[in-house]
Novice: 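This is the structure I have questions about; it appears just below.
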Number of protein chains: 2
Amino acid sequence: MKFENVLLGLLAMKPLHGYELMKWLDTEGQFLRSNTHHSQIYRELGRMVTNGLVEFHVDPREGRPDAKVYRITDVGREALVEWVHSPYQPTSRFQDADFNARFIFTAQLDPAAAIVVIDTELDYRRAQVLRSRTRSLTMADPDPIPEIDLARARRLGLAMHEFGKESVDRWIEWLEEMRASLVDEIASDTVAEASVTATPTEEARS
Amino acid sequence: MKFENVLLGLLAMKPLHGYELMKWLDTEGQFLRSNTHHSQIYRELGRMVTNGLVEFHVDPREGRPDAKVYRITDVGREALVEWVHSPYQPTSRFQDADFNARFIFTAQLDPAAAIVVIDTELDYRRAQVLRSRTRSLTMADPDPIPEIDLARARRLGLAMHEFGKESVDRWIEWLEEMRASLVDEIASDTVAEASVTATPTEEARS
DNA sequence: GTTACATGTGTGACGATGCACATAAGGAGC
DNA sequence: GCTCCTTATGTGCATCGTCACACATGTAAC
């Protein structure tokens, strides 16, 4: 996943300048993608201009510094559509930009494809939960730091592990809810448009 | 936060080789730190040897490839203790190695310091939840991709935002539970050792 | 036999990320 | 006058993270 795609998706909705993108990713968008330093945004936008994905014009403000307002280009739109239709590969970190951006921007352009994305994510997370049950090491029989408290380490490690599993389980539940509501939406859309456009409802489940 | 510190903390408990570290971080330790590629582990271990934090001896196995078993050095122990007592700075991503490693390894060496770490984390997360409520942009009035569905985007964006807040809230709850159990532990330890060592119970809350 | 898988350790390359530093203008408070 | 905060944009550098590729051994399946 490239950060580029997040910016591309946002700029597809509305032209914005770097500072606005930064602010949005720090407040409303902080659960879509966290850990976004402003330097990264400006650097990325610069590269996207070079690659022709976006263009900008300088907006002079009264009483405020000038701002560069970026607008997505046709090339950018094509790149966005192409990304949305490229295969999704989950990573080990859940509830992260890798999935979130893919899901949001895919759902806008192609709801059926978004369901495939969810199913891919679900398969991966379920496997992850299973993998977390295997115990590969015993952290005993140590040569530890004198002051170290191994009993506490095990207790806290276990608590952390339990909370991690709980979180993934809740994530899986949420994904299932999202999937169900998307399926409903597609179904009602299809019914509504059936007589007009006759949109085919391909079953997206692999 | 440096990945180095995670390896240092684990090796303080028990000498291990790279493959074992990799396996552990992929199964039991996946909620302490995810996204760990083996190449990163071996590279990091190599650098730590250069810096004198760890040393290794080759363990010839019957029927299996040789393994390099790494053991923490005195320099490594000092570095670990120094890291544990250095100030903790939360990052925007919650439930991540940044906090997890710091918490686990601090709690082993200095439970009172671990409470300070939790409080720092709690302050930051509560502020984050508040910050998430501010609405900095309206993603309307667009010049969108023709096929784009802005209504769906808003709906899914909101759902994602809600789930994000719920997750942070649950994270805060868990932190409070951990804090309470640590406080209890310290209190009972202090009572138990009061007549023997007369350990002072400094109030860790800032 | 040979193909696949698990154990084990690495290198090279490249993009992503984070932190310090830099600049510039205006407004608020002391 | 001075400092601090907000808006606004950037560069430089080090580390992190990921992928491809590489090599070595033993075992289990076909």
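Quick note: numbers below take in every heavy atom, side chains included, and nothing from hydrogens, waters or symmetry partners. Protein chains get the first letters and strands the later ones, always in sequence-line order, with residue 1 at the start of each. What you are looking at is a predicted structure, and each value in this text was computed from that prediction instead of being measured.
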Novice: Write down the distance between CD (B:Glu44) and P (D:dG17), rounded to a whole number of angstrom.
Specialist: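 My rounded result for the distance is 9 Å.
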Novice: Does one side chain, of B:Trp171 or B:Glu121, offer a donor that lies under 3.5 Å from an acceptor on the other?
Specialist: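 Yes, because at least one side-chain N or O of B:Trp171 sits under 3.5 Å from a partner of the opposite role on B:Glu121.
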Novice: For DNA chain C, whose closest nucleotide is more 5', that of A:Thr36 or that of B:Met22?
Specialist: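 Closest to the 5' end, via its nearest nucleotide, is B:Met22.
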Novice: Which residue, B:Tyr42, B:Phe56, B:Tyr19, forms the ring pair (Phe, Tyr, Trp, His ring centres under 6.0 Å) with B:Tyr70?
Specialist: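 For B:Tyr70, the ring pair (Phe, Tyr, Trp, His ring centres under 6.0 Å) test succeeds with only one of B:Tyr42, B:Phe56, B:Tyr19, which is B:Phe56.
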Novice: To the nearest Å, give me how far apart CG (A:Asp96) and P (C:dA16) are.
Specialist: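 That distance rounds to 15 Å.
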Novice: Touch check for B:Thr91, heavy atoms < 4.0 angstrom, all strands: base, sugar-phosphate only, or nothing?
Specialist: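 Counting heavy atoms under 4.0 Å across all strands, no contact is made by B:Thr91.
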Novice: What integer distance in Å separates B:Phe3:CZ from D:dT18:P?
Specialist: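 The answer, rounded to whole Å, is 11 Å.
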Novice: For the side chain of A:Arg43 and the base of C:dG18, is some donor closer than 3.5 Å to an acceptor across the two?
Specialist: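 Such a pair is found, so the answer is yes.
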Novice: Send over the distance from A:Leu21 CG to D:dA8 C1', rounded to a whole Å.
Specialist: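 Spelled out: CG on A:Leu21 to C1' on D:dA8 is 13 Å.
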Novice: Think A:Arg125 forms a cation-pi with A:Phe94, using NZ or CZ under 6.0 Å from the six-ring centre and within 45 degrees of its axis?
Specialist: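 So A:Arg125 doesn't make the cation-pi contact.
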Novice: With respect to the side chain of A:Arg33, which nucleotide from C:dG8, D:dT9, C:dT17 is positioned closest?
Specialist: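 So the nucleotide nearest the side chain must be C:dT17.
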Novice: Given C:dA16, is OP1 or OP2 found less than 4.0 Å from the side-chain N or O atoms of A:Gln40?
Specialist: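 Checking A:Gln40 against C:dA16: no side-chain N or O falls below 4.0 Å of OP1 or OP2.
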Novice: Measure the distance from CD1 on B:Ile41 to C1' on D:dT18 and round it to the nearest whole Å.
Specialist: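 Distance check: B:Ile41 CD1 to D:dT18 C1' gives 13 Å.
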Novice: Counting the atoms with a prime plus P, OP1 and OP2 as sugar-phosphate, which does B:His17 contact under 4.0 Å by heavy atoms, base, sugar-phosphate, or nothing?
Specialist: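 Sugar-phosphate, backbone atoms only, no base.
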Novice: Closer to the 5' end of DNA chain D via nearest nucleotide, is it B:Pro65 or B:His37?
Specialist: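 This one resolves to B:His37.
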Novice: What is the separation between atom OH on A:Tyr42 and atom P on C:dT23, rounded to the nearest whole Å?
Specialist: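 For the pair A:Tyr42 OH and C:dT23 P, the rounded distance is 17 Å.
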Novice: Do A:Arg47 side-chain and C:dG15 base share a donor-acceptor contact under 3.5 Å?
Specialist: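 By the distance-only test, no, there is no pair.
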Novice: Taking A:Thr134 for the side chain and A:Arg131 for the main chain, is one N or O donor matched with an acceptor at less than 3.5 Å?
Specialist: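 Yes; judged by distance alone, with no hydrogens or angles, the pair exists.
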Novice: Can you check the A:Leu7 CG to C:dA16 C1' distance for me, whole Å?
Specialist: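 For the pair A:Leu7 CG and C:dA16 C1', the rounded distance is 13 Å.
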Novice: A:Arg64 side chain N/O closer than 4.0 Å to the phosphate oxygens (OP1, OP2) of D:dA8?
Specialist: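 Yes, within the criterion.
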Novice: Looking at A:Lys23, does any N or O in its side chain come under 4.0 Å of the phosphate oxygens OP1/OP2 on D:dT7?
Specialist: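 Yes, such a contact exists.
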Novice: Distance check needed: C:dT23 C1' versus A:His38 NE2, whole Å only.
Specialist: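 Result: 11 Å.
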Novice: It should be established whether A:Asn35 places a side-chain nitrogen or oxygen under 4.0 Å from OP1 or OP2 of nucleotide C:dG18.
Specialist: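 Result: yes.
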Novice: Nearest nucleotide by nearest heavy atom, which residue falls closer to the 5' end of DNA chain C, B:Asp66 or B:Gln89?
Specialist: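 Comparing both residues, the 5'-ward one is B:Asp66.
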Novice: Return yes if some donor-acceptor pair links the side-chain N/O of B:Asn35 with the main-chain N/O of A:Thr91 below 3.5 Å, else return no.
Specialist: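 Side chain of B:Asn35 to backbone of A:Thr91: no pair is present.
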